[in-house]
Visitor: 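I have a structure here, written as structure tokens, and I will follow up with some questions on it.
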Amino acid sequence: MCQLSEVFVMAEPRCSKRILVTGGSGLVGKAIEKLVTEGGAGRSDEAWIFLSSKDGDLTDAGQTKALFEMHKPTHIIHLAAMVGGLFRNIKYNLDFWRNNVHINDNILHTAYEFGVQKVVSCLSTCIFPDKTTYPIDETMIHNGPPHNSNFGYSYAKRMIDVQNRAYFAQYGCRFTAAIPTNVFGPHDNFNIEDGHVLPGLIHKAYLAKKNGTPLTVWGTGKPRRQFIYSLDLARLFLWVLREYDEVEPIILSVGEEDEVSIREAAESVVGAMNFTGELHFDATKSDGQFKKTASNAKLKNYLPDFQFTPFPQAVKDTCDWFCSNYDSARK
Ligand code: NAP
Ligand code: GDP
């Protein structure tokens with residue numbers, strides 16, 4: 001068995017696969033790390049390497065190449081990205097576009113140059129056209145403009161799909177992409193201004209409970225989202241890396257019937273945090289995209305028995321993690 005350390009893993013001769021996880025210090029990366037280090041999901045022929053931006057800036061081609069020279073990956077899960085919730089996206093569309101285009105081009109082209117056998121990159125259901133029919137499926141990525149709030153992030157992510165197809169067409173590379181819905185869990189970014197809705201609400205509920213103030217939900221609470229727990233997503237990423245052979249992307253999502261309103265999501269946080277104060281809705285704040293209901297039919301076809309963690313339980317586990325790790329959590 002390869003020896004697994006907290007940050008990255010050095011390969012032993014028996015580890016024929018060297019799996020580099022970019023963005024390994026983030027929400028999704030930490031969940032994959034937990035699964036392979038503590039969850040018994042690592043395999044004896046795999047060495048896992050989890051990178052943070054402290055190991056190298058992937059917007060820089062030279063630093064990216066140096067990381068490949070050091071770690072010599074055979075496989076990559078590419079998670080690193082400039083990431084943020086609705087309100088960070090609205091403010092920094094240009095930065096989202098530029099940073100993510102550079103990161104993605106550096107990773108994919110260096111992977112090609114180093115003969116990496118497989119790259120699984122990460123898209124998002126928020127990159128799909130805003131005006132569309134529902135449910136959204138994998139064939140619809142490029143069918144029209146994304147929601148205006150996050151067009152920089154969305155177009156940069158869409159280009160991963162373009163590049164995956166082009167590397168396959170020109171060089172036969174097996175580069176693919178997973179498309180998760182809204183992710184949440186331990187190690188999320190709980191910064192109230194910059195983060196996504198669930199970590200933002202958990203942090204706000206924590207403070208409201210402590211200070212005896214109301215909990216303010218931004219927007220009307222009417223938009224709808226499908227949330228996926230990071231530890232469920234991590235299990236699916238391992239399957240995509242090991243078993244999924246298509247270049248075409250695959251949506252990783254709970255079912256359409258599991259979509260909830262922002263109000264319902266806030267009520268789950270209220271329950272999990274035992275918050276007994278008032279719930280306010282600030283309708284002067286943006287609602288963003290109303291919904292992006294995605295089909296998980298393709299996933300279900302491959303994995304009909306996959307069990308997702310029930311939403312209330314996953315919210316409770318995340319709230320408990322945040323309260324227990326308040327001092328060190330990203331906020
Ligand atoms: P996250 O918690 O914000 O983590 C982002 C990761 O990217 C961190 O490890 C960060 O490193 C790294 N990173 C950022 N800029 C970098 C740079 N210039 N060079 C090297 N590393 C860099 O994000 P996440 O939520 O885990 O997201 C993972 C992937 O899932 C992303 O591709 C995201 O677009 C996608 N996704 C996320 C969601 C969601 O709801 N969170 C939904 C759909 C898709 P440091 O922390 O060390 O700086
Ligand atoms: P999105 O799913 O890509 O739009 O991004 P978010 O995870 O940031 O979710 C945005 C939705 O949640 C919008 O409808 C917001 O109005 C609503 N929302 C309610 N409260 C908050 C909050 O505290 N933070 C964030 N980011 N969104 C909130």
Side-chain angles (χ1 to χ4, degrees), residues 18-24 26 28-29 32 49 51 53 56-69 71-83 89 93-129 136-147 150-181 233 236-237 240-242 244-252 294 298:
R18 299 180 54 82
I19 304 162
L20 190 70
V21 182
T22 73
V28 182
I32 296 175
I49 303 141
L51 294 181
S53 65
D57 179 358
L58 298 175
T59 63
D60 181 287
Q63 292 187 43
T64 306
K65 194 168 179 188
L67 285 168
F68 277 67
E69 272 160 358
H71 296 297
K72 300 191 170 40
T74 58
H75 296 69
I76 296 178
I77 295 180
H78 171 39
L79 305 172
M82 181 175 178
V83 180
N89 272 279
N93 267 296
L94 179 65
D95 293 350
F96 274 97
W97 160 259
R98 295 192 72 230
N99 286 331
N100 287 331
V101 158
H102 285 132
I103 290 174
N104 298 335
D105 187 56
N106 286 335
I107 287 295
L108 293 177
H109 199 66
T110 315
Y112 156 68
E113 287 179 334
F114 278 70
V116 171
Q117 292 165 34
K118 184 164 179 180
V119 181
V120 181
S121 298
C122 198
L123 310 184
S124 166
T125 50
C126 66
I127 74 167
F128 280 97
I136 292 164
D137 70 36
E138 290 83 353
T139 66
M140 295 157 77
I141 297 178
H142 305 284
N143 285 3
H147 193 266
N150 62 359
F151 67 92
Y153 175 84
S154 298
Y155 279 118
K157 286 280 182 188
R158 286 183 185 192
M159 290 309 113
I160 290 181
D161 180 61
V162 171
Q163 286 187 259
N164 285 348
R165 290 164 197 274
Y167 279 106
F168 180 70
Q170 206 167 322
Y171 298 120
C173 297
R174 199 135 296 267
F175 297 168
T176 190
I179 314 180
T181 47
L233 182 60
L236 291 171
F237 257 108
V240 173
L241 182 78
R242 291 166 177 164
Y244 179 74
D245 263 342
E246 297 183 35
V247 170
E248 302 284 324
I250 182 163
I251 290 172
L252 305 180
K298 183 174 184 180

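What you see is a predicted model; the values in this text were computed from it and never measured.
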Visitor: Looking only at heavy atoms, which two atoms of F151 and N93 are closest? And how far apart?
Guide: N-OD1, 3.0 Å
Visitor: Once you round to the nearest 0.5 Å, how far does CD1 of I160 lie from OG1 of T176?
Guide: 11.0 Å
Visitor: Give the ring-plane orientation class for Y153 versus F96, where under 30° counts as parallel, over 60° as perpendicular and anything between as tilted.
Guide: perpendicular
Visitor: Could you report the tightest heavy-atom contact between A80 and T22, atom names first, then the distance?
Guide: N-OG1, 3.0 Å
Visitor: Taking S121 as the fixed residue, which of L108, L79, N104, I107 is the one that meets the side chain to side chain contact (heavy atoms under 4.5 Å, CB included) rule?
Guide: L108
Visitor: Is F68 close to I76 at the side-chain level, that is, under 4.5 Å between some pair of heavy atoms?
Guide: yes
Visitor: Locate the shortest heavy-atom distance separating A178 from L252; write the atom from each residue and the value.
Guide: CB-CD1, 3.5 Å
Visitor: Ignoring hydrogens, what is the shortest heavy-atom contact between P180 and L123? Give both atom names and the distance.
Guide: CD-O, 3.1 Å
Visitor: Would L67 and L20 satisfy side-chain contact (heavy atoms from CB on, under 4.5 Å), going step by step from the backbone distance to the final call?
Guide: CA-CA 10 Å; L67 285 168; L20 190 70; 5.6 Å; no
Visitor: Decide whether N150 and S154 meet the rule of one side-chain donor and one side-chain acceptor closer than 3.5 Å.
Guide: yes
Visitor: Say you draw a straight line from CE of M140 to CD of E138; how long is it, rounded to the nearest 0.5 Å?
Guide: 10.5 Å
Visitor: Provide the closest heavy-atom pair for C173 versus Y112 in the form atom of the first, atom of the second, distance.
Guide: SG-CD1, 3.9 Å
Visitor: Within 45 degrees of the ring normal and closer than 6.0 Å to the centroid, is that where the cationic atom of R158 sits relative to Y155?
Guide: yes
Visitor: More than 12 non-hydrogen atoms from neighbouring residues, nucleotides or ligands closer than 6.0 Å to CZ on R165, yes or no?
Guide: yes
Visitor: Does I49 reach the side chain of P73, with side-chain heavy atoms less than 4.5 Å apart?
Guide: no
Visitor: Which heavy atom in V119 sits nearest to a heavy atom in A111, and how many Å separate them?
Guide: CG2-CB, 3.7 Å
Visitor: Measure the shortest side-chain to side-chain distance between M159 and N100 over non-hydrogen atoms and say whether it is less than 4.5 angstrom.
Guide: no
Visitor: Hey, what do you get for CD (Q170) to CD (Q163), rounding to the nearest 0.5 Å?
Guide: 11.5 Å
Visitor: Has Q63 got a side-chain atom pairing as donor or acceptor with D57's backbone, closer than 3.5 angstrom?
Guide: yes
Visitor: Nearest 0.5 Å please: distance from the CG atom of D137 over to the CD1 atom of I250.
Guide: 11.5 Å
Visitor: Let me see the working for H109 and T64 under side-chain contact (heavy atoms from CB on, under 4.5 Å), right down to the final yes or no.
Guide: CA-CA 10 Å; H109 199 66; T64 306; over 6 Å; no
Visitor: Which value, rounded to the nearest 0.5 Å, describes the distance between H75 atom NE2 and R174 atom CZ?
Guide: 11.5 Å
Visitor: Measuring only between side-chain heavy atoms, which start at C-beta, is R98 closer than 4.5 Å to T59?
Guide: no
Visitor: Check whether any side-chain N or O of K118 sits under 3.5 Å from a backbone N or O of L241 as a donor-acceptor pair, and report yes or no.
Guide: yes
Visitor: Is there side-chain contact between I251 and F128, with at least one heavy-atom pair below 4.5 Å?
Guide: yes
Visitor: Can you confirm whether the side chains of Y244 and K298 place a donor and an acceptor under 3.5 Å from each other?
Guide: yes
Visitor: Rounded to the nearest 0.5 Å, what separation is found between the CD1 atom of I136 and the CD1 atom of I179?
Guide: 10.0 Å
